[in-house]
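Reviewing the structure listed below.
Please read these numbers as outputs of a predicted model, since none were measured by experiment.
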Amino acid sequence: MMRRFARRLVPLAAAIAALTALPAASAAQPAPATRHTFAVGPQYDSTHVYVEPGTEQAFAASWVATFGGSTIGPNATQVTPTPSRTLSELVVSPVGTLSVFDYTTPVPYPFGTERTGWLVTDLDQAVRAARADGAAVTVAPFADPIGRDAVVQFPGGVSAQLYVHTTPPSYPELASVPENRLYLSPDAVGAFLHSFLAFTQGRIVSDDRRADGSAIGLPGTAYRLLRLTSGFGTTTVAVTDGHLPYPFGRELTGYGVTDLGATLERAKAAGASVLSGPVRADGRDSAMVRFPGGYVAELHNDR
């Protein structure tokens, strides 16, 4: 009897020994570290404006006359990793910062496809994080005259340039934070949101699946409109079937102003043209404006 009982205890003891031999840490792993936020501030996130050759100064003058602000440059320089030449000017305005490029040589690919430049706290870490979050690194880190840059592309073809300066810049806070305006297909929006929100540490503010199509030149229709926010500013995503009238989808950024009518009058007096609107939709008035040099922007009443 005792021998049978002892034989039963042998496998039980072995099992207990195997369990107690496991590392103690496996039972209580430390919580994952909080994800690093790379954003510095929306005043350091510039829209990249590629103007028609020879129009850089006309564009900058028109923009400042419309919104106020100041300019730094232009400077003839190379801002790509392969040989090129551009007049580069920074426009710092109350409604957003713009990096303006007036190329005197052909633009090396894929430059010109990136929408924005985002100042980050650490370029190499940001590039690794973007890749881990599902973005493609389309231009590996390279040195420019004042710092280092890289270009990443999120699912859906949305590209952004990440940058750091050797001497950290200091720009005034914005009167209104501009919108990065994206147009995506239903096929692409899910993968984009997963990647973009992970990298930016952003969140969805609203998701309207029956937004008024008048805001994108399609009165009497509805579309899906998402509003996102993060340390990199505000992003709106229009999810459409791609049946868009000109110029919708050509704008990169939307700018909030306190008086849309007065702003449009200043813009026209400064050489810009109103392409569409004003129109009332989604709780605000908006219009599409083309500035000298070909830059198309959406303007809206700041809520």
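With hydrophobic clusters built from ILVMFWY side chains whose heavy atoms lie under 4.5 angstrom apart, Leu193 shares a cluster with Leu184. Placement of Ile146 and Val79 in two distinct hydrophobic clusters is found when ILVMFWY residues are connected by side-chain heavy-atom separations under 4.5 Å, directly or transitively. Both Val137 and Leu162 are members of a single hydrophobic cluster when ILVMFWY side chains are connected at heavy-atom separations under 4.5 Å. Val92 and Leu174 are not part of a single hydrophobic cluster, where members link through side-chain heavy atoms under 4.5 Å apart. Side-chain heavy atoms closer than 4.5 Å link hydrophobic residues (I, L, V, M, F, W, Y) into clusters, and following such links, even through other members, never connects Tyr163 to Phe232.
Side-chain contact between Ile204 and Leu226 is present, with at least one heavy-atom pair separated by less than 4.5 Å. Between Thr47 and Tyr255, the closest side-chain pair of non-hydrogen atoms falls below 4.5 Å. Residues Pro292 and Thr55 fail the side-chain proximity criterion, which asks for heavy atoms closer than 4.5 Å. Within the 4.5 Å cutoff, no side-chain heavy atoms of Val100 are placed close to those of Ser88. Side-chain contact between Phe111 and Pro81 is present, with at least one heavy-atom pair separated by less than 4.5 Å. In this structure the side chain of Pro178 never reaches within 4.5 angstrom of the side chain of Val95, judged on heavy atoms. At a threshold of 4.5 Å between non-hydrogen side-chain atoms, the residues Pro53 and Thr104 do not count as touching.
Partners of Arg128 under the salt bridge (Lys or Arg N to Asp or Glu O under 4.0 Å) rule, at least two apart in sequence or in another chain, do not exist in this structure. Residues passing the side chain to side chain contact (heavy atoms under 4.5 Å, CB included) test with Ser99, sequence neighbours excluded: Ser46, His48, Leu90, Phe101. Thr235 pairs by the side chain to side chain contact (heavy atoms under 4.5 Å, CB included) definition with Asn180, Leu182, Phe196, Leu228, Val237, not counting sequence neighbours. Phe59 pairs by the ring-ring contact (aromatic ring centres under 6.0 Å, His included) definition with Trp63, Tyr295, not counting sequence neighbours. Under the salt bridge (Lys or Arg N to Asp or Glu O under 4.0 Å) criterion, Asp122 pairs with no residue, sequence neighbours left out. Taking the side chain to side chain contact (heavy atoms under 4.5 Å, CB included) definition, one finds that Gln153 meets it with Thr138, Ser159, sequence neighbours left out. With sequence neighbours left out, the side chain to side chain contact (heavy atoms under 4.5 Å, CB included) criterion links Ala262 to Asp259, Arg266. For Tyr246, there are no ring-ring contact (aromatic ring centres under 6.0 Å, His included) partners two or more places apart in sequence or in a different chain.
Considering all non-hydrogen atoms of both residues, Ala267 and Val289 come closest at CB-CG1, 4.5 Å. In terms of heavy-atom proximity, Val296 sits nearest to Pro247 at CG1-CB, 4.2 Å. For the pair Arg85 and Thr105, the tightest heavy-atom approach, listed with the atom from each and the gap, is N-OG1, 2.9 Å. Residues Pro108 and Pro83 approach most closely at CG-O, 4.0 Å, considering heavy atoms. Residues Ala39 and Thr121 approach most closely at O-CG2, 4.2 Å, considering heavy atoms. Counting all heavy atoms, side chain and backbone alike, Ala150 lies closest to Val127 at CB-CG2, 3.8 Å.
The distance from atom CE of Met288 to atom OG of Ser276, rounded to the nearest 0.5 Å, is 7.0 Å. In this structure, CZ on Arg203 lies 13.5 Å from CZ on Arg227, to the nearest 0.5 angstrom. Taken from CG in Leu197 to CZ in Phe192, the straight-line distance is 7.0 Å, to the nearest 0.5 Å. Atoms OG and CD, on Ser286 and Glu251 in that order, are 9.5 Å from each other to the nearest 0.5 Å. Taken to the nearest 0.5 Å, the OH atom of Tyr223 stands 9.5 Å off from the OG1 atom of Thr240. Considering CG of Leu123 and CZ of Arg148, their distance stands at 5.0 Å, rounded to 0.5 Å.
Looking at Tyr50, its side chain does come within 3.5 Å of a backbone N or O of Gly112 through a donor-acceptor pair. A distance-only check finds no donor-acceptor pair linking the side chain of Glu265 to the backbone of Thr263 [under 3.5 Å]. Side chain of Ser185 to main chain of Ala188: a donor-acceptor pair is present (N/O by atom type, distance under 3.5 Å, no hydrogens or angles). Proximity of a side-chain donor or acceptor of Asn75 to a complementary backbone N or O of Thr77 within less than 3.5 Å is not detected. A donor-acceptor distance shorter than 3.5 angstrom exists from the side chain of Gln201 to the backbone of Ala198, with no hydrogens or angles considered. Under the 3.5 Å distance criterion, the side-chain polar atoms of Asp302 are left unmatched by any main-chain donor or acceptor of Ser176. Side chain of Asp285 to main chain of Asn301: no donor-acceptor pair is present (N/O by atom type, distance under 3.5 Å, no hydrogens or angles).
Evaluation of the ring pair (Phe, Tyr, Trp, His ring centres under 6.0 Å) test over residues 200-222, restricted to residues two or more places apart or in two chains, returns none. Within the structure, salt bridge (charged side-chain N to carboxylate O under 4.0 Å, His left out) contacts touching residues 240-250 (residues at least two apart or in different chains) do not occur.
In this structure, Gln57 places its CD atom where only 12 or fewer heavy-atom neighbours from other residues, nucleotides or ligands lie under 6.0 Å away. The number of heavy-atom neighbours closer than 6.0 Å to NE2 of His165, taken from other residues, nucleotides and ligands shown, is above 12.
Remark: of the listed residues Val177, Val205, Thr253, Val177 is the sole one forming a side-chain contact (heavy atoms from CB on, under 4.5 Å) with Thr234. For the side chain to side chain donor-acceptor pair (under 3.5 Å) with Ser84, the lone residue among Thr82, Thr80, Thr86 that qualifies is Thr80. Between Tyr44 and the choices Phe38, Tyr171, Trp118, the ring pair (Phe, Tyr, Trp, His ring centres under 6.0 Å) rule is met once, by Tyr171. Screening Asp149, Thr116, Thr113 against Gln161 for a side chain to side chain donor-acceptor pair (under 3.5 Å) leaves a single residue, Asp149.
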N/O donor-acceptor pairs under 3.5 Å from side chains in residues 66-74, not counting sequence neighbours:
unit_1	atom_1	unit_2	atom_2	d
Thr66	OG1	Ser62	O	2.8
Thr71	OG1	Glu89	OE2	3.1

Exercise answer: donor-acceptor pairs, residues 211-220 side-chain atoms, under 3.5 Å, sequence neighbours excluded:
unit_1	atom_1	unit_2	atom_2	d
Asp212	OD1	Ser214	N	2.9
Asp212	OD1	Ser214	OG	3.0

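Between the side chains of Glu52 and Tyr103, not a single donor N or O lies within less than 3.5 Å of an accepting N or O.
Relative ring orientation between Phe154 and Phe199 is described as tilted, the plane-to-plane angle lying within the 30° to 60° band.
Between Arg224 and Asp207 a salt bridge is recorded (basic side-chain N to carboxylate O distance below 4.0 Å). Using a cut-off of 4.0 Å between Lys/Arg side-chain N and Asp/Glu carboxylate O, Glu298 and Arg284 are scored as salt-bridged.
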